[in-house]
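Structure first, then comments.
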Amino acid sequence: MEVILKKIGSLLNRSSGGNFFTLNPYVGCEHSCRYCYSVYISRWRRRKIEEWGSWVEVKLNAGEILKKEVRKYKKGHIFISTVCDAYQPIEELYQITRDCLSLLIETDFSLFLLTKSARVARDIDLLVKHPNVKVCFSITMLNDEIAKVFEPYASSPSQRIQAGLKLKEKEIETGILINPILPFFTERELENLVSQAEKLGFDFLGFDTLHYIDSFVGGRIKKLYGQFGKEALERLEYAKSPEYETELREWIKEITKGVRIKCEFNF
Ligand code: SF4
């Protein structure tokens, strides 16, 4: 792993609509998920897409910059980890995310934290202190073995769920984003994922599809699907059709009918 230590000039990014900020403590992501849409960042760094997951930039002075920015902006909504994972392995060493959270608990900013890592449970002591924080575990399937093929260095889905339950025990609002719905693989487990999320008492459930099948992640994804045979590949191909999303949406509506958990579509 190539680690680049950086000093930054700004940390919070205002969204294009202007109604929230994004905060990414790192650039790059060791989790190296094969479907990751953030690989587009590789181009900005003059790196090959295949190198995604082998380098990470650490925003060493993130805490110092954030302190100034929260004074300037005063309040708002912050979405943590939009193009990296705030709890990727290197966080154990540099604790940039923890530094940022320590600062944010003293502010009026509401927080939404998305992760594929069980490491977030380390920061329960901080998360419980914030009056308006939501933690969301991004999960594509419950099968740990197949998940490893697509998300080789993220925590396994079962580790994520266990971490989520620890957060729930402390009454931290915690949910699951089924993201991306991998054609064939996630689809086979969709009903089970919904019923598990409800049974385990998660607070919210979101759904999103696999984007960019035909662009920069397309080649990587197709290669992986190829290992699982014709049926998997055909389903991936079908996911490009205009009907796919409509059918998927209808199916999810059917599955989630009557479930006692707030469900949201992101597609
Ligand atoms: S955890 Fe998120 S940002 Fe990191 S590689 Fe996976 S999808 Fe990309």
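Counting convention: from 1, in listed order, for ligands and their atoms alike.
When Leu113, Leu114, Val133 are each tested for a side-chain contact (heavy atoms from CB on, under 4.5 Å) with Ile80, only one passes: Leu113.
Heavy-atom contacts of Cys84 reach the following atoms of ligand 1: 3 (S) (cutoff under 4.0 Å). Atoms of ligand 1 found under 4.0 Å from any heavy atom of Trp52, numbered from 1 in the order shown, are 5 (S). For ligand 1, the atoms sitting less than 4.0 Å from at least one non-hydrogen atom of Cys33 are 1 (S), 5 (S), 6 (Fe), 7 (S), numbered in the order shown with element in parentheses. With ligand atoms numbered from 1 in the order given, ligand 1 contributes 1 (S) to contacts under 4.0 Å with heavy atoms of Asp85. Contact atoms of ligand 1 toward Cys36: 3 (S), 5 (S), 7 (S), 8 (Fe) (distance under 4.0 Å to a heavy atom of the residue). Per-residue contacts place Ser32 under 4.0 angstrom from the following atoms of ligand 1 (heavy atoms of the residue considered): 5 (S).
The closest protein non-hydrogen atom to atom 4 (Fe) of ligand 1 is Cys29 SG, 2.3 Å. Nearest protein heavy-atom contact of atom 2 (Fe) of ligand 1 is Lys116 CE, 4.2 Å.
Geometrically, Arg188 engages Phe184 in a cation-pi contact defined by less than 6.0 Å to the ring centre and at most 45° from the axis.
Defined by atom type and a distance below 3.5 Å, a donor-acceptor pair is missing between the side-chain atoms of Tyr225 and Glu237. Counting only N and O atoms by type, the side chains of Glu151 and Thr140 include a donor and acceptor under 3.5 Å apart. With no hydrogens or angles considered, a side-chain donor-acceptor pair links Tyr26 and Glu91 at under 3.5 Å.
Summarising the local packing, OH of Tyr153 is surrounded by 12 or fewer heavy atoms from other residues, nucleotides or ligands at distances under 6.0 Å.
Centroid-to-centroid, the aromatic rings of Phe185 and Phe228 come within less than 6.0 Å.
His31 lies apart from atom 4 (Fe) of ligand 1 in this respect, since none of its N, O or S atoms is found at a distance under 2.8 Å.
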